[in-house]
Amino acid sequence: MRDSILGTAALAAPPVAAVLRLLGTGRKRVLVGVMGPLAGCAAVLAVAGARRAAARALRPVRRLHRELADLPATEPGGRVAVPATGGDVARLAGRINMLLDRLETSAAQRRAFIADASHELRTPLAGLRTSVELALGDPEDAEVRDMLQHALDDVDRLHRIVEDLFVLARLDSGDLPARERLDLGVLVERLVARRSPAVPVTVKAEPGIEVMGNRSRLDRALGNLLTNAERYAAGRIEVVARAVGEEAVVEVHDDGPGIPLDDRDRVFERFARLDAARSRDKGGSGLGLPIARQIAVAHGGGLYVADGAYGARLVLRLPLAR
Ligand SMILES: Nc1ncnc2c1ncn2[C@@H]1O[C@H](COP(=O)(O)OP(=O)(O)O)[C@@H](O)[C@H]1O
Ligand SMILES: [Mg+2]
């Protein structure tokens, strides 16, 4: 501050000196006595004015700071006021509100995910408990075998859900397991050969479609598509692997009921099932497609439901290896 006062006084000096040069030596002393203090006063006033202006300009920033400090730390529910005056501070407040929007959405998604996961785990656990209690209640009962079979089915279901949750947690953490050059057609053929579906599966794979990928993750993504196709197919499944431009494309096409146009995004949401009763009976928990899409995206590709003349057609795209 002291520097700036001196600086301002120094700036005021040249005009004073110029005036003095124009006047005679006699009046110089009088003028120096008057102009000196005047210049000093002007400098002090200028500095005080600048300080007031700066304080005024910073007022919205301080208000923003206070509002941010008052926001609840755990729930990003509040928003900061956007000054109607526009300008940088208004833009900053707008950005902060956008960020708070995103935080709120992600907090809501996290809550919904935990609630859905708990619900999914609770259902087979309750079934398991009932089966075991019944079996213990009358061990001689001829139906004990049935009860134990139910209990085993519930254990399998629990195991699948926990396994899927584990995979999602790994995918969410963003860890990138080692990748290698893989022939996608060979991967698909091997995968199909290892399964024993109730309906015939035909594979048409172009040779030499290579991608850089993690084998077990791609196995899982394609496996999830095949599991769905096997679950819903009426009589046949067709799998096609080919190169299209710079991409490797795998289509899994079944002749089941298909996925309605309006639900083609929703099926990729965690725990989403179109027909809860039908899917639950068949043992799905609504994590297969979200996991498969997340794996595709982590490989720089994508997964979506495409149009087809019949049934469901799931299309996985991955960048071809260079
Ligand atoms: N091939 C398919 N044909 C018809 N509906 C499907 C198909 N694949 C998926 N869906 C629908 O999408 C939902 C979500 O699939 P997914 O995430 O794999 O969960 P899950 O198989 O555990 O139910 C399924 O519950 C089902 O309603
Ligand atoms: Mg599934």
Side-chain angles (χ1 to χ4, degrees), residues 109 112-113 115-125 127 153-172 188 191-192 194-203 217-241 249-298 301-317:
Q109 280 170 346
F113 178 69
D116 287 342
S118 322
H119 177 75
E120 290 298 329
L121 291 170
R122 213 164 45 188
T123 313
L125 263 178
D153 290 346
D154 281 331
V155 169
D156 284 348
R157 187 167 157 69
L158 276 170
H159 187 262
R160 279 198 305 273
I161 296 172
V162 170
E163 176 77 6
D164 281 349
L165 287 173
F166 187 66
V167 173
L168 272 179
R170 304 261 326 250
L171 286 167
D172 283 346
V188 169
L191 200 61
V192 170
R194 284 208 301 271
R195 306 177 71 93
S196 38
V199 297
V201 182
T202 51
V203 180
R217 293 239 168 130
L218 291 181
D219 266 358
R220 183 177 289 275
L222 288 163
N224 287 357
L225 301 185
L226 289 170
T227 303
N228 284 348
E230 288 162 11
R231 187 176 290 156
Y232 296 105
R236 68 194 157 101
I237 297 170
E238 191 178 51
V239 185
V240 180
V249 177
V250 181
E251 292 184 19
V252 180
H253 197 171
D254 67 67
D255 62 350
I259 299 176
L261 206 57
D262 287 348
D263 294 314
R264 290 184 184 175
D265 284 330
R266 197 161 74 80
V267 288
F268 292 99
E269 288 169 14
R270 294 175 180 190
F271 295 112
R273 282 171 302 199
L274 299 188
D275 179 340
R278 178 183 69 178
S279 304
R280 207 182 299 271
D281 281 352
K282 297 193 178 193
S285 62
L287 292 175
L289 288 182
I291 287 176
R293 176 175 270 181
Q294 213 163 327
I295 291 172
V297 170
L303 172 67
Y304 57 92
V305 182
D307 287 332
Y310 58 87
R313 193 158 73 96
L314 274 291
V315 179
L316 172 77
R317 288 177 176 272

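Note that this is a predicted model, so its numbers are computed, not measured. In each ligand, atom 1 is the first atom listed, and ligand 1 is the first ligand listed.
- No part of Thr227 comes within 4.0 Å of ligand 1, judged by heavy-atom distances.
- Taking a cut-off of under 4.0 Å to the non-hydrogen atoms of Pro290, the atoms of ligand 1 that pass are 17 (O).
- Closest approach of Gln294 to Asp172, counting heavy atoms only: NE2-OD1, 2.8 Å.
- Every N/O-N/O distance between Pro257 and ligand 1 stays at or above 3.5 Å.
- Of all the atoms in ligand 1, the ones that sit under 4.0 Å from a non-hydrogen atom of Asp254 are 1 (N), 2 (C).
- Ser285 lies apart from the Mg ion (ligand 2) in this respect, since none of its N, O or S atoms is found at a distance under 2.8 Å.
- Annotation for ligand 1: atoms under 4.0 Å from non-hydrogen atoms of Ala312 are 1 (N), 2 (C), 3 (N).
- Around the CZ atom of Arg266, the shell of radius 6.0 Å holds more than 12 heavy atoms that belong to other residues, nucleotides or ligands.
- Closest to atom 13 (C) of ligand 1 by heavy atom, among Gly311, Gly286, Ala272, is Ala272.
- Residue Arg273 approaches ligand 1 through these ligand atoms, each under 4.0 Å from one of its heavy atoms: 23 (O), 25 (O).
- Looking at Asn228 next to ligand 1, an N or O pair under 3.5 Å apart turns up.
- Which of Leu289, Asn224, Ile237 comes nearest to atom 17 (O) of ligand 1 through a heavy atom is settled by distance: it is Leu289.
- In the candidate list Pro260, Gly258, Ser285, Ser285 is nearest to atom 22 (O) of ligand 1, counting heavy atoms.
- The side-chain tip of Arg236 points at the ring of Tyr310 from less than 6.0 angstrom away and within 45° of straight on.
- Taking CG of Leu225 as the reference point, atom CD of Glu230 lies at 11.0 Å (rounded to 0.5 Å).
- Classification of Arg220 and Glu163 as a salt-bridged pair holds, one side-chain N sitting under 4.0 Å from a carboxylate O.
- Atoms of ligand 1 lying under 4.0 Å from at least one heavy atom of Arg231, given by number and element, are 20 (P), 21 (O), 22 (O), 23 (O).
- What you find for Leu303 and Ala292 is that their closest heavy atoms are CD2-CB, 3.6 Å.
- In terms of heavy-atom proximity, Leu316 sits nearest to Ala296 at CD1-CB, 3.5 Å.
- Within the 6.0 Å centre-distance limit, the rings of Phe113 and Phe271 are counted as a close aromatic pair.
- In terms of heavy atoms, Ala233 sits closest to Val199 at CB-CG2, 3.9 Å.
- Among the atoms of Leu274, some N or O lies under 3.5 angstrom from an N or O of ligand 1.
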